[in-house]
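Written below as C-alpha coordinates is the structure these notes are about.
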2 protein chains.
Amino acid sequence: MATTRGERRARGSTPVSAELIEEQAILLFAEKTYPVIGMRDIGDAVGLLPGSLYVHISGKEDLLLRIVEKGIQNYLDAIGPAADAPSSAAERLRAAFTAHFEVLSRTREQTRVAFFQWTYLSPEKQGRVIAMRQRYEDLFVDIVRDGVRTGEFRRLRNPRVIVLAYIGMLNNATEWFQPDGSLSAIEVAEEIADAALKGIQA
Amino acid sequence: MATTRGERRARGSTPVSAELIEEQAILLFAEKTYPVIGMRDIGDAVGLLPGSLYVHISGKEDLLLRIVEKGIQNYLDAIGPAADAPSSAAERLRAAFTAHFEVLSRTREQTRVAFFQWTYLSPEKQGRVIAMRQRYEDLFVDIVRDGVRTGEFRRLRNPRVIVLAYIGMLNNATEWFQPDGSLSAIEVAEEIADAALKGIQA
DNA sequence: CCTACCGATCGGTAGG
DNA sequence: CCTACCGATCGGTAGG
(Lines give C-alpha, C1' and ligand atoms only; values in the text may rest on other atoms or scores of the structure.)
Protein backbone atom coordinates (compact mmCIF):
# COMPACT_ATOMS: atom_id res chain seq x y z
CA MET A 1 0.00 0.00 0.00
CA ALA A 2 2.59 2.56 1.11
CA THR A 3 1.43 6.18 0.85
CA THR A 4 -1.74 7.30 -0.84
CA ARG A 5 -0.63 10.93 -0.66
CA GLY A 6 2.44 11.22 -2.85
CA GLU A 7 4.98 13.76 -1.72
CA ARG A 8 4.88 15.67 -4.99
CA ARG A 9 7.34 18.39 -4.06
CA ALA A 10 10.52 17.99 -2.07
CA ARG A 11 10.59 19.87 1.18
CA GLY A 12 12.89 22.88 1.32
CA SER A 13 13.60 23.24 -2.40
CA THR A 14 12.22 26.65 -3.44
CA PRO A 15 10.45 29.28 -1.35
CA VAL A 16 6.78 28.67 -0.62
CA SER A 17 4.37 31.56 -0.98
CA ALA A 18 0.64 32.10 -0.60
CA GLU A 19 0.52 32.21 -4.40
CA LEU A 20 2.13 28.80 -4.76
CA ILE A 21 -0.26 27.33 -2.23
CA GLU A 22 -3.18 28.86 -4.12
CA GLU A 23 -1.95 27.45 -7.43
CA GLN A 24 -1.61 23.96 -6.05
CA ALA A 25 -4.93 24.18 -4.24
CA ILE A 26 -6.63 25.11 -7.53
CA LEU A 27 -5.27 21.97 -9.16
CA LEU A 28 -6.25 19.76 -6.25
CA PHE A 29 -9.73 21.25 -5.74
CA ALA A 30 -10.40 21.14 -9.49
CA GLU A 31 -9.50 17.47 -9.62
CA LYS A 32 -11.12 16.15 -6.46
CA THR A 33 -13.31 18.97 -5.06
CA TYR A 34 -12.80 21.06 -1.95
CA PRO A 35 -14.28 18.83 0.77
CA VAL A 36 -12.20 15.79 -0.08
CA ILE A 37 -8.90 17.64 -0.26
CA GLY A 38 -7.16 17.96 3.10
CA MET A 39 -4.60 20.43 4.29
CA ARG A 40 -2.21 17.48 4.25
CA ASP A 41 -2.74 17.08 0.48
CA ILE A 42 -2.01 20.75 -0.08
CA GLY A 43 1.00 20.57 2.19
CA ASP A 44 2.34 17.62 0.21
CA ALA A 45 1.87 19.52 -3.05
CA VAL A 46 3.94 22.51 -1.93
CA GLY A 47 6.42 20.62 0.23
CA LEU A 48 5.29 21.75 3.66
CA LEU A 49 3.84 19.94 6.62
CA PRO A 50 0.14 20.75 7.04
CA GLY A 51 0.59 22.97 10.07
CA SER A 52 3.17 25.10 8.27
CA LEU A 53 0.67 26.17 5.65
CA TYR A 54 -0.82 28.52 8.24
CA VAL A 55 2.30 30.67 8.05
CA HIS A 56 1.11 31.73 4.58
CA ILE A 57 -2.65 31.38 4.63
CA SER A 58 -5.29 31.91 7.26
CA GLY A 59 -7.39 28.82 6.69
CA LYS A 60 -8.81 26.37 4.20
CA GLU A 61 -12.03 28.25 3.57
CA ASP A 62 -10.25 31.55 3.00
CA LEU A 63 -8.14 29.80 0.40
CA LEU A 64 -11.29 28.69 -1.40
CA LEU A 65 -12.81 32.17 -1.23
CA ARG A 66 -9.79 33.77 -2.88
CA ILE A 67 -9.75 31.19 -5.66
CA VAL A 68 -13.45 31.59 -6.33
CA GLU A 69 -13.55 35.38 -6.30
CA LYS A 70 -10.54 35.78 -8.56
CA GLY A 71 -11.91 33.04 -10.79
CA ILE A 72 -15.17 34.87 -11.39
CA GLN A 73 -13.49 38.27 -11.64
CA ASN A 74 -11.49 36.96 -14.60
CA TYR A 75 -14.77 36.54 -16.48
CA LEU A 76 -16.18 39.91 -15.48
CA ASP A 77 -13.00 41.62 -16.63
CA ALA A 78 -13.04 39.94 -20.03
CA ILE A 79 -16.74 39.78 -20.83
CA GLY A 80 -17.72 43.19 -19.43
CA PRO A 81 -16.05 45.23 -22.18
CA ALA A 82 -17.23 42.81 -24.88
CA ALA A 83 -20.81 42.98 -23.67
CA ASP A 84 -20.81 46.77 -23.35
CA ALA A 85 -19.25 47.53 -26.72
CA PRO A 86 -21.13 49.94 -29.03
CA SER A 87 -21.97 47.32 -31.61
CA SER A 88 -24.95 45.20 -32.59
CA ALA A 89 -26.49 42.78 -30.13
CA ALA A 90 -25.40 39.87 -32.31
CA GLU A 91 -21.81 41.10 -32.36
CA ARG A 92 -21.83 41.66 -28.62
CA LEU A 93 -23.19 38.18 -27.96
CA ARG A 94 -20.54 36.72 -30.24
CA ALA A 95 -17.82 38.73 -28.50
CA ALA A 96 -19.09 37.69 -25.08
CA PHE A 97 -19.02 33.99 -26.04
CA THR A 98 -15.53 34.39 -27.43
CA ALA A 99 -14.29 36.19 -24.33
CA HIS A 100 -15.80 33.46 -22.17
CA PHE A 101 -14.04 30.65 -23.97
CA GLU A 102 -10.78 32.56 -23.98
CA VAL A 103 -10.87 32.95 -20.21
CA LEU A 104 -11.89 29.32 -19.90
CA SER A 105 -8.94 28.17 -21.98
CA ARG A 106 -6.59 30.22 -19.78
CA THR A 107 -8.08 29.29 -16.41
CA ARG A 108 -9.83 25.95 -16.79
CA GLU A 109 -9.05 24.51 -13.37
CA GLN A 110 -9.79 27.74 -11.53
CA THR A 111 -13.08 28.00 -13.41
CA ARG A 112 -14.06 24.53 -12.26
CA VAL A 113 -13.55 25.61 -8.68
CA ALA A 114 -15.08 29.07 -9.08
CA PHE A 115 -18.26 27.97 -10.85
CA PHE A 116 -19.02 24.73 -9.06
CA GLN A 117 -17.44 24.81 -5.62
CA TRP A 118 -18.41 28.20 -4.19
CA THR A 119 -21.30 26.34 -2.53
CA TYR A 120 -18.83 25.02 0.05
CA LEU A 121 -18.31 28.52 1.42
CA SER A 122 -20.13 29.67 4.53
CA PRO A 123 -23.41 31.52 3.87
CA GLU A 124 -21.93 34.98 4.39
CA LYS A 125 -19.14 34.36 1.92
CA GLN A 126 -21.59 32.83 -0.55
CA GLY A 127 -23.39 36.16 -0.60
CA ARG A 128 -20.37 37.92 -2.07
CA VAL A 129 -20.05 35.24 -4.72
CA ILE A 130 -23.72 35.36 -5.63
CA ALA A 131 -23.43 39.10 -6.19
CA MET A 132 -20.56 38.56 -8.62
CA ARG A 133 -22.44 35.83 -10.44
CA GLN A 134 -25.40 38.15 -10.76
CA ARG A 135 -23.23 40.79 -12.45
CA TYR A 136 -21.98 38.12 -14.82
CA GLU A 137 -25.51 37.01 -15.61
CA ASP A 138 -26.66 40.61 -16.15
CA LEU A 139 -24.10 41.07 -18.91
CA PHE A 140 -25.98 38.50 -20.95
CA VAL A 141 -29.41 39.70 -19.89
CA ASP A 142 -28.55 43.16 -21.19
CA ILE A 143 -27.41 41.90 -24.57
CA VAL A 144 -30.52 39.81 -25.13
CA ARG A 145 -32.85 42.53 -23.86
CA ASP A 146 -31.24 45.11 -26.14
CA GLY A 147 -31.45 42.79 -29.12
CA VAL A 148 -35.14 42.11 -28.55
CA ARG A 149 -35.90 45.80 -27.95
CA THR A 150 -34.27 46.95 -31.17
CA GLY A 151 -35.89 44.16 -33.15
CA GLU A 152 -32.58 42.58 -33.98
CA PHE A 153 -33.68 39.44 -32.13
CA ARG A 154 -37.05 37.70 -32.28
CA ARG A 155 -39.63 38.58 -29.65
CA LEU A 156 -38.82 35.74 -27.28
CA ARG A 157 -41.61 34.55 -25.03
CA ASN A 158 -39.23 34.09 -22.10
CA PRO A 159 -35.93 35.88 -22.68
CA ARG A 160 -34.78 34.94 -19.20
CA VAL A 161 -35.01 31.24 -20.04
CA ILE A 162 -32.80 31.81 -23.06
CA VAL A 163 -30.24 33.68 -20.99
CA LEU A 164 -30.21 30.96 -18.36
CA ALA A 165 -29.80 28.36 -21.09
CA TYR A 166 -26.85 30.24 -22.63
CA ILE A 167 -25.12 30.78 -19.31
CA GLY A 168 -25.71 27.19 -18.29
CA MET A 169 -24.22 26.08 -21.57
CA LEU A 170 -21.15 28.26 -21.01
CA ASN A 171 -20.73 27.17 -17.40
CA ASN A 172 -21.01 23.54 -18.35
CA ALA A 173 -18.45 23.92 -21.14
CA THR A 174 -15.96 23.81 -18.27
CA GLU A 175 -16.64 20.07 -18.24
CA TRP A 176 -15.85 19.33 -21.86
CA PHE A 177 -13.82 22.13 -23.44
CA GLN A 178 -10.18 21.16 -23.82
CA PRO A 179 -7.78 24.11 -23.99
CA ASP A 180 -5.17 21.88 -25.59
CA GLY A 181 -7.60 20.12 -27.88
CA SER A 182 -7.92 20.45 -31.64
CA LEU A 183 -10.40 23.32 -31.47
CA SER A 184 -9.41 26.76 -30.23
CA ALA A 185 -11.50 28.90 -27.95
CA ILE A 186 -12.37 31.11 -30.91
CA GLU A 187 -13.45 28.22 -33.11
CA VAL A 188 -15.70 26.77 -30.43
CA ALA A 189 -17.15 30.16 -29.54
CA GLU A 190 -17.92 30.95 -33.20
CA GLU A 191 -19.60 27.62 -33.78
CA ILE A 192 -21.81 28.07 -30.75
CA ALA A 193 -22.53 31.73 -31.46
CA ASP A 194 -23.64 30.81 -34.98
CA ALA A 195 -25.92 28.12 -33.62
CA ALA A 196 -27.36 30.48 -31.02
CA LEU A 197 -27.98 33.33 -33.45
CA LYS A 198 -29.00 31.50 -36.61
CA GLY A 199 -30.12 28.15 -35.23
CA ILE A 200 -29.14 24.83 -36.71
CA GLN A 201 -32.05 24.42 -39.11
CA ALA A 202 -31.21 24.84 -42.77
CA MET B 1 -25.33 26.00 19.73
CA ALA B 2 -27.08 22.76 20.66
CA THR B 3 -27.27 20.26 17.78
CA THR B 4 -26.29 21.02 14.21
CA ARG B 5 -27.85 17.81 13.02
CA GLY B 6 -31.58 18.09 13.62
CA GLU B 7 -33.36 14.86 14.39
CA ARG B 8 -35.83 15.23 11.55
CA ARG B 9 -37.70 11.99 12.06
CA ALA B 10 -38.68 10.43 15.34
CA ARG B 11 -37.13 7.09 16.03
CA GLY B 12 -39.45 4.13 15.86
CA SER B 13 -42.40 5.77 14.13
CA THR B 14 -42.83 3.98 10.80
CA PRO B 15 -40.83 1.14 9.27
CA VAL B 16 -37.50 2.07 7.70
CA SER B 17 -36.64 0.56 4.34
CA ALA B 18 -33.78 0.79 1.88
CA GLU B 19 -36.09 2.90 -0.26
CA LEU B 20 -36.71 5.41 2.50
CA ILE B 21 -32.99 5.67 3.18
CA GLU B 22 -32.39 6.24 -0.53
CA GLU B 23 -35.05 8.95 -0.70
CA GLN B 24 -33.60 10.82 2.22
CA ALA B 25 -30.05 10.39 0.97
CA ILE B 26 -31.10 11.93 -2.36
CA LEU B 27 -32.38 15.02 -0.58
CA LEU B 28 -29.30 15.34 1.59
CA PHE B 29 -26.76 14.68 -1.17
CA ALA B 30 -28.58 17.07 -3.51
CA GLU B 31 -28.48 19.83 -0.92
CA LYS B 32 -24.97 19.42 0.47
CA THR B 33 -23.15 16.92 -1.77
CA TYR B 34 -22.05 13.40 -0.99
CA PRO B 35 -18.72 13.93 0.77
CA VAL B 36 -20.06 16.33 3.38
CA ILE B 37 -23.06 14.19 4.30
CA GLY B 38 -22.30 11.63 6.98
CA MET B 39 -24.04 8.39 7.82
CA ARG B 40 -25.13 10.18 10.98
CA ASP B 41 -27.02 12.77 8.89
CA ILE B 42 -28.79 10.03 6.96
CA GLY B 43 -29.53 8.17 10.16
CA ASP B 44 -31.08 11.29 11.65
CA ALA B 45 -33.24 11.79 8.57
CA VAL B 46 -34.76 8.32 8.74
CA GLY B 47 -34.80 7.98 12.52
CA LEU B 48 -32.05 5.39 12.97
CA LEU B 49 -28.70 5.46 14.64
CA PRO B 50 -25.88 5.47 12.08
CA GLY B 51 -24.83 1.88 12.67
CA SER B 52 -28.38 0.64 12.15
CA LEU B 53 -28.44 1.88 8.57
CA TYR B 54 -26.28 -1.11 7.66
CA VAL B 55 -29.21 -3.42 8.29
CA HIS B 56 -30.77 -1.99 5.13
CA ILE B 57 -27.86 -0.86 2.99
CA SER B 58 -24.38 -2.16 2.41
CA GLY B 59 -22.45 1.08 2.54
CA LYS B 60 -22.38 4.76 1.72
CA GLU B 61 -20.85 4.41 -1.72
CA ASP B 62 -23.30 1.71 -2.77
CA LEU B 63 -26.10 4.08 -1.81
CA LEU B 64 -24.63 6.71 -4.12
CA LEU B 65 -24.22 4.24 -6.97
CA ARG B 66 -27.87 3.21 -6.85
CA ILE B 67 -29.04 6.81 -6.81
CA VAL B 68 -26.80 7.76 -9.73
CA GLU B 69 -27.61 4.78 -11.93
CA LYS B 70 -31.37 5.04 -11.46
CA GLY B 71 -31.11 8.79 -11.93
CA ILE B 72 -29.50 8.46 -15.35
CA GLN B 73 -31.71 5.53 -16.35
CA ASN B 74 -34.74 7.78 -15.92
CA TYR B 75 -33.39 9.95 -18.73
CA LEU B 76 -32.52 7.05 -21.02
CA ASP B 77 -36.00 5.62 -20.59
CA ALA B 78 -37.71 8.89 -21.46
CA ILE B 79 -35.44 10.34 -24.12
CA GLY B 80 -34.63 7.09 -25.92
CA PRO B 81 -38.09 6.66 -27.51
CA ALA B 82 -38.34 10.39 -28.28
CA ALA B 83 -34.97 10.41 -30.01
CA ASP B 84 -35.66 7.23 -31.99
CA ALA B 85 -39.12 8.20 -33.23
CA PRO B 86 -39.73 8.03 -37.00
CA SER B 87 -40.12 11.78 -37.40
CA SER B 88 -38.03 14.71 -38.59
CA ALA B 89 -34.78 15.55 -36.85
CA ALA B 90 -36.27 18.84 -35.66
CA GLU B 91 -39.25 17.07 -34.14
CA ARG B 92 -37.03 14.49 -32.51
CA LEU B 93 -34.77 17.17 -31.01
CA ARG B 94 -37.82 19.00 -29.73
CA ALA B 95 -39.22 15.79 -28.23
CA ALA B 96 -35.88 14.95 -26.63
CA PHE B 97 -35.67 18.39 -25.00
CA THR B 98 -39.22 18.06 -23.74
CA ALA B 99 -38.62 14.59 -22.36
CA HIS B 100 -35.49 15.85 -20.63
CA PHE B 101 -37.27 18.68 -18.86
CA GLU B 102 -40.13 16.41 -17.91
CA VAL B 103 -37.80 13.98 -16.20
CA LEU B 104 -35.98 16.90 -14.61
CA SER B 105 -39.20 18.29 -13.18
CA ARG B 106 -40.04 14.87 -11.71
CA THR B 107 -36.59 14.04 -10.34
CA ARG B 108 -34.75 17.30 -9.76
CA GLU B 109 -32.84 16.30 -6.63
CA GLN B 110 -31.89 12.88 -7.97
CA THR B 111 -30.70 14.53 -11.18
CA ARG B 112 -28.42 16.83 -9.21
CA VAL B 113 -26.81 13.81 -7.61
CA ALA B 114 -26.73 11.69 -10.75
CA PHE B 115 -25.25 14.31 -13.08
CA PHE B 116 -22.79 16.02 -10.76
CA GLN B 117 -21.81 13.62 -8.00
CA TRP B 118 -21.00 10.36 -9.77
CA THR B 119 -17.38 11.56 -9.66
CA TYR B 120 -17.25 10.54 -5.99
CA LEU B 121 -17.61 6.88 -6.95
CA SER B 122 -14.57 4.63 -7.11
CA PRO B 123 -13.00 4.32 -10.57
CA GLU B 124 -14.58 0.94 -11.34
CA LYS B 125 -18.06 2.21 -10.54
CA GLN B 126 -17.44 5.37 -12.51
CA GLY B 127 -16.93 3.22 -15.57
CA ARG B 128 -20.51 1.95 -15.45
CA VAL B 129 -21.77 5.51 -15.11
CA ILE B 130 -19.66 6.80 -17.97
CA ALA B 131 -21.11 4.11 -20.22
CA MET B 132 -24.65 5.22 -19.38
CA ARG B 133 -23.75 8.86 -19.96
CA GLN B 134 -22.31 7.91 -23.33
CA ARG B 135 -25.60 6.29 -24.35
CA TYR B 136 -27.39 9.45 -23.30
CA GLU B 137 -25.01 11.60 -25.31
CA ASP B 138 -25.36 9.35 -28.35
CA LEU B 139 -29.09 9.95 -28.48
CA PHE B 140 -28.37 13.59 -29.26
CA VAL B 141 -25.45 12.84 -31.55
CA ASP B 142 -27.73 10.66 -33.67
CA ILE B 143 -30.40 13.31 -34.02
CA VAL B 144 -27.94 16.00 -35.08
CA ARG B 145 -26.07 13.67 -37.43
CA ASP B 146 -29.31 12.57 -39.08
CA GLY B 147 -30.47 16.15 -39.47
CA VAL B 148 -27.22 17.20 -41.10
CA ARG B 149 -27.16 14.14 -43.36
CA THR B 150 -30.66 14.70 -44.71
CA GLY B 151 -30.06 18.41 -45.18
CA GLU B 152 -32.66 19.35 -42.62
CA PHE B 153 -29.94 21.01 -40.54
CA ARG B 154 -27.12 23.26 -41.76
CA ARG B 155 -23.76 21.69 -42.51
CA LEU B 156 -22.21 22.37 -39.12
CA ARG B 157 -18.44 22.70 -39.02
CA ASN B 158 -18.25 20.83 -35.72
CA PRO B 159 -21.47 18.96 -34.96
CA ARG B 160 -19.91 17.46 -31.86
CA VAL B 161 -19.40 20.89 -30.33
CA ILE B 162 -23.07 21.66 -30.86
CA VAL B 163 -24.12 18.41 -29.22
CA LEU B 164 -21.83 19.04 -26.26
CA ALA B 165 -23.24 22.54 -25.96
CA TYR B 166 -26.83 21.24 -26.00
CA ILE B 167 -26.16 18.53 -23.46
CA GLY B 168 -24.24 20.90 -21.25
CA MET B 169 -27.15 23.30 -21.40
CA LEU B 170 -29.58 20.53 -20.43
CA ASN B 171 -27.36 19.23 -17.64
CA ASN B 172 -26.89 22.70 -16.24
CA ALA B 173 -30.63 23.39 -16.32
CA THR B 174 -30.65 21.26 -13.18
CA GLU B 175 -29.24 24.33 -11.46
CA TRP B 176 -31.94 26.82 -12.45
CA PHE B 177 -35.11 25.04 -13.60
CA GLN B 178 -37.78 25.13 -10.94
CA PRO B 179 -40.38 22.36 -11.21
CA ASP B 180 -42.79 24.43 -9.13
CA GLY B 181 -42.00 27.70 -10.89
CA SER B 182 -44.22 29.66 -13.24
CA LEU B 183 -42.96 27.87 -16.35
CA SER B 184 -43.73 24.23 -17.03
CA ALA B 185 -41.24 21.72 -18.37
CA ILE B 186 -42.98 21.87 -21.73
CA GLU B 187 -42.89 25.66 -21.93
CA VAL B 188 -39.20 25.79 -21.11
CA ALA B 189 -38.37 22.96 -23.50
CA GLU B 190 -40.29 24.62 -26.36
CA GLU B 191 -38.61 27.96 -25.83
CA ILE B 192 -35.18 26.40 -25.86
CA ALA B 193 -35.95 24.09 -28.78
CA ASP B 194 -37.12 27.09 -30.81
CA ALA B 195 -33.95 28.97 -29.99
CA ALA B 196 -31.81 25.96 -30.88
CA LEU B 197 -33.54 25.24 -34.18
CA LYS B 198 -34.34 28.73 -35.44
CA GLY B 199 -31.86 30.85 -33.50
CA ILE B 200 -32.73 34.07 -31.77
CA GLN B 201 -32.00 36.45 -34.64
CA ALA B 202 -35.04 38.02 -36.29
C1' DC C 1 8.93 26.13 9.21
C1' DC C 2 8.77 21.80 12.34
C1' DT C 3 7.26 19.04 16.49
C1' DA C 4 3.71 17.44 18.68
C1' DC C 5 -0.66 17.42 19.49
C1' DC C 6 -5.81 18.92 20.18
C1' DG C 7 -10.92 17.65 20.02
C1' DA C 8 -14.12 16.38 16.57
C1' DT C 9 -15.77 13.55 13.23
C1' DC C 10 -15.58 9.94 9.74
C1' DG C 11 -17.51 5.08 7.72
C1' DG C 12 -18.17 0.94 9.49
C1' DT C 13 -18.47 -3.36 12.76
C1' DA C 14 -18.96 -6.93 16.77
C1' DG C 15 -22.07 -8.63 19.62
C1' DG C 16 -26.09 -8.82 21.24
C1' DC D 1 -32.30 -2.09 15.68
C1' DC D 2 -29.17 -0.44 19.69
C1' DT D 3 -24.76 -0.29 22.51
C1' DA D 4 -20.36 0.55 22.30
C1' DC D 5 -16.63 1.12 19.96
C1' DC D 6 -12.77 0.77 16.19
C1' DG D 7 -8.78 3.06 13.65
C1' DA D 8 -8.30 6.78 10.54
C1' DT D 9 -8.53 11.33 9.37
C1' DC D 10 -10.00 16.10 9.76
C1' DG D 11 -8.69 21.54 10.27
C1' DG D 12 -6.09 23.92 13.15
C1' DT D 13 -2.81 25.51 17.13
C1' DA D 14 0.94 26.14 20.96
C1' DG D 15 5.43 26.59 21.46
C1' DG D 16 9.45 26.75 19.91
Side-chain angles (χ1 to χ4, degrees), chain A residues 1-22 24-25 28-29 32-68 113 117 120-122 124-125, chain B residues 1-22 24-25 28-29 32-68 113 117 120-122 124-125:
Chain A
M1 277 298 145
T3 56
T4 306
R5 272 184 244 279
E7 187 101 353
R8 312 183 192 191
R9 192 165 178 283
R11 251 171 292 161
S13 44
T14 48
V16 169
S17 61
E19 287 69 36
L20 177 65
I21 294 173
E22 221 171 275
Q24 294 300 315
L28 291 167
F29 292 166
K32 301 270 198 184
T33 80
Y34 177 80
V36 307
I37 294 297
M39 297 311 281
R40 284 149 186 87
D41 297 307
I42 299 173
D44 285 349
V46 300
L48 291 187
L49 290 177
S52 306
L53 293 169
Y54 292 84
V55 173
H56 301 101
I57 64 167
S58 64
K60 192 189 177 195
E61 197 191 355
D62 184 63
L63 191 53
L64 176 61
L65 180 62
R66 287 167 185 275
I67 293 169
V68 168
V113 181
Q117 299 182 36
Y120 295 113
L121 293 167
S122 62
E124 319 87 71
K125 289 174 186 157
Chain B
M1 279 297 147
T3 55
T4 305
R5 275 184 242 279
E7 186 101 351
R8 310 183 195 192
R9 192 165 177 282
R11 252 172 291 161
S13 46
T14 48
V16 170
S17 61
E19 288 70 34
L20 177 66
I21 293 172
E22 222 171 275
Q24 295 299 314
L28 291 166
F29 293 166
K32 301 269 199 184
T33 79
Y34 177 81
V36 307
I37 294 296
M39 297 311 280
R40 285 150 185 86
D41 297 308
I42 299 172
D44 285 350
V46 301
L48 291 186
L49 290 176
S52 305
L53 292 168
Y54 293 83
V55 174
H56 301 101
I57 63 167
S58 63
K60 193 190 177 195
E61 197 191 356
D62 183 64
L63 191 53
L64 177 61
L65 179 63
R66 287 166 185 275
I67 292 169
V68 168
V113 181
Q117 299 183 36
Y120 295 114
L121 293 167
S122 62
E124 318 87 72
K125 289 174 187 158

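Both backbone and side-chain heavy atoms feed into the values below; hydrogens, waters and symmetry mates do not. Naming: A, B, ... by sequence-line order, numbering from 1 per chain.
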Discussion item. Applying a 4.0 Å non-hydrogen cut-off, can you work out what Gly59(B) is touching in the nucleic acid: base, sugar-phosphate, or nothing?
Written reply: sugar-phosphate
Fill in: Among dC2(D), dG12(D), dG11(C), the one nearest Tyr54(A) by side-chain distance
dG12(D)
Worksheet entry | Protein-nucleotide distance (Leu28(B), atom CG; dG11(C), atom P), rounded to Å | 12 Å
Response to the item:
Pro15(A) and Leu20(A) have their tightest heavy-atom pair at O-CD2, 4.3 Å
Worksheet item: Which whole-number value in Å describes the distance from Ile57(B) CD1 to dT13(C) P?
Response: 11 Å
Item to complete: Calculate the interatomic distance between Tyr120(B) atom OH and dG11(C) atom P; express it in whole Å.
Response: 14 Å
Worksheet item: Going from CG on Asp62(A) to NZ on Lys125(A), what distance comes out if it is rounded to the nearest 0.5 angstrom?
Response: 6.0 Å
Worksheet item: Met39(B) has a side chain; which of dG12(D), dG11(C), dC1(C) sits nearest to it?
Response: dG11(C)
Practice prompt. Side-chain contact test, heavy atoms from C-beta onward, threshold under 4.5 Å: evaluate it for Leu48(A) versus His56(A) and give yes or no.
Written response: yes
Worksheet item: Quick one: which of dT3(C), dC1(C), dG11(D) gets closest to the side chain of Leu49(A)?
Response: dT3(C)
Worksheet, complete the sentence: On DNA chain D, more 5' by nearest nucleotide between Val16(B) and Glu61(A) is Val16(B)
Response to the item:
When rounded to whole Å, the CG to P distance for the pair Leu53(B) and dT13(C) reads 13 Å
Worksheet item: Is any NZ, NE, NH1 or NH2 atom of the basic residue among Arg40(A) and Asp44(A) found under 4.0 Å from an Asp or Glu carboxylate oxygen of the other?
Response: no
Fill in: Nucleotide-level pairing of DNA chain D, given in dot-bracket where Watson-Crick and G-U pairs need both distances under 3.5 Å and | marks other strands
||||||||||||||||
Worksheet item: Going from NZ on Lys32(A) to OH on Tyr120(B), what distance comes out if it is rounded to the nearest 0.5 angstrom?
Response: 11.0 Å
Worksheet entry | Between CG on residue Leu53(B) and CE on residue Met39(B), distance to nearest 0.5 Å | 5.0 Å
Worksheet, complete the sentence: Asp44(A) atom CG is separated from dC10(D) atom P, nearest whole Å, by 10 Å
Fill in: Atom pair distance, as rounded to whole Å: CZ in Arg40(A) and C1' in dC2(C)
14 Å
Practice prompt. Just call it for Ile37(B): base, sugar-phosphate, or nothing, with non-hydrogen atoms closer than 4.0 Å on any strand.
Written response: sugar-phosphate
Practice prompt. Measure across Gln117(A) and Tyr34(A) and return the closest heavy-atom pair with its distance rounded to 0.1 Å.
Written response: OE1-N, 2.8 Å
Worksheet item: Lys60(A) has a side chain; which of dC1(D), dG12(C), dG11(D) sits nearest to it?
Response: dG11(D)
Discussion item. Of the listed nucleotides (dC1(D), dC1(C), dG11(D)), which one gets closest to any side-chain atom of Leu48(B)?
Written reply: dC1(D)
